[in-house]
J.: 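Please find one structure pasted underneath; my questions will follow.
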Amino acid sequence: GFASALMADGEAGPSFQSQAFAVYRNTAARGAIEALRASYSTVDMLLGEEMFTQVALDYRREQPPAGPVLSDYGANFAEFLARQPWTCELPYLANVAWLDWLWLQSFLAGDANAMPHELAGGTSITLHPATRFAWLTTPAMTIWLAHRDPWEAGELDPEWQEEGALFTRVNQTVRAELIGADFHRMLLVCSVPTSVRDLASAVAAAFPAANVQELLQRGVASGALIIQ
């Protein structure tokens, strides 16, 4: 049918052998590739334009766009990369792709206004709608930050360790930062509205040495958390 012929990379069948169809198919392919490149700009930097284009074509064959709107195309690109045998030489690549997607989702998310309450024991704390975070088994956030910073200089040689990533949005600007395991735990607990008292208990149970008050203040100040 038309859809399968449109997605095919080889010669079109007899019913679709026309110059107009060829132009349409090539345009559709370019649109999907460029949408993916825009969403995964750090992966594009790591792979280079030519290799990224080939990987995007492979992804498109497996996961064609569901419709003409491409703003949400590529949601599972990180999982796709993780399944590719060649990425064993770039074990951080899938995590970097995940971070690219989290940045985009933070940028596109809705907004909410924090209420000017004090951090009392019964106060409810939750995530800002634009907050995105992850815990990574590779130093992908260090790598991601280095490639997103145009002023970063020198050879990158990160220590191979797990690390956390946080994306927040303030005044339509997405901010990215490394976070520790205790801060990540706090964000997990705040995935549903939680009282300060219950949050402190949950974080302290996992990280007895954590300064929960300091973590909370940092979370609110960064815009990651809102007080309800």
J.: Please, which pairs that meet salt bridge (charged side-chain N to carboxylate O under 4.0 Å, His left out) have at least one residue in residues 32-53, sequence neighbours excluded?
T.: Glu34-Arg37, Arg37-Asp44
J.: Regarding Thr142 and Glu163, do their side chains bring together a donor and an acceptor under 3.5 Å, going by distance alone?
T.: yes
J.: CG/Leu46 to CG/Leu93 distance, rounded to the nearest 0.5 angstrom?
T.: 6.5 Å
J.: Quick one: does Asp100's side chain get under 4.5 Å of Trp144's, heavy atoms only?
T.: yes
J.: Can you confirm if the aromatic rings of Phe207 and Phe183 lie within a centre distance of less than 6.0 Å?
T.: no
J.: Within the 4.5 Å heavy-atom criterion, are Leu187 and Leu166 side-chain neighbours or not?
T.: yes
J.: Determine whether a donor-acceptor pair (N or O, by modelled atom type, separation under 3.5 Å) exists between the side chain of Thr87 and the backbone of Gln84.
T.: yes
J.: Does the plane of the ring in Trp101 sit parallel, tilted or perpendicular to the ring in Tyr40? Use 30° and 60° as the thresholds.
T.: parallel
J.: Has Glu89 got more than 12 heavy atoms of other residues, nucleotides or ligands less than 6.0 Å from its CD?
T.: no
J.: Applying side-chain contact (heavy atoms from CB on, under 4.5 Å) to Val192 and Thr126, what does each step give before you reach the verdict?
T.: CA-CA 6 Å; Val192 295; Thr126 193; over 6 Å; no
J.: Working to the nearest 0.5 angstrom, can you tell me the gap between Trp98 CH2 and Glu79 CD?
T.: 8.5 Å
J.: Do the side chains of Ile226 and Leu127 get nearer than 4.5 Å, heavy atoms only?
T.: no
J.: Are the ring centres of Phe133 and Phe167 closer than 6.0 Å?
T.: no
J.: Please report the shortest heavy-atom distance between Arg60 and Ala32, naming the atom on each side.
T.: CD-CB, 3.7 Å
J.: For a ring-ring contact (aromatic ring centres under 6.0 Å, His included) check, start with the C-alpha distance between Tyr59 and Phe52, then their side-chain angles and the critical distance, and finish with the verdict.
T.: CA-CA 10 Å; Tyr59 177 77; Phe52 185 92; 9.7 Å; no
J.: When you check the side-chain N and O atoms of Arg148 and Thr42, is any donor under 3.5 Å from an acceptor?
T.: yes
J.: Does any non-hydrogen side-chain atom of His128 lie less than 4.5 Å from one of Leu225?
T.: no
J.: Between Phe107 and Thr173, is there a side-chain heavy-atom distance shorter than 4.5 Å?
T.: no
J.: Between Arg185 (side chain) and Val203 (backbone), is there a donor-acceptor pair under 3.5 Å?
T.: no
J.: Evaluate the side-chain proximity of Val189 to Leu199: yes if any heavy-atom separation is below 4.5 Å, no if none is.
T.: yes
J.: Could you tell me whether the side chain of Thr138 reaches within less than 4.5 Å of the side chain of Glu162, counting heavy atoms only?
T.: no
J.: Can you check side-chain contact (heavy atoms from CB on, under 4.5 Å) on Arg175 and Ser222, steps first, answer last?
T.: CA-CA 9 Å; Arg175 299 177 180 175; Ser222 69; over 6 Å; no
J.: Might you point out which heavy atoms bring Leu104 and Ser39 nearest each other, and give the distance in Å?
T.: CD2-OG, 3.5 Å
J.: Is there a donor-acceptor pair closer than 3.5 Å between any side-chain N or O of Arg197 and the backbone N or O of Thr194?
T.: no
J.: Please assess Met141 against Leu145 for the test side-chain contact (heavy atoms from CB on, under 4.5 Å), listing each intermediate value before the final yes or no.
T.: CA-CA 6 Å; Met141 186 58 168; Leu145 287 168; 4.1 Å; yes
J.: Answer yes or no: is there a side-chain heavy-atom contact under 4.5 Å between Asn95 and Leu99?
T.: no
J.: Would you name the heavy atoms of Arg218 and Leu178 that are closest together and state the gap between them?
T.: NH2-O, 3.3 Å
J.: Using every non-hydrogen atom in the two residues, find where Asp111 and Gln172 come nearest and quote the distance to one decimal.
T.: OD2-NE2, 4.4 Å
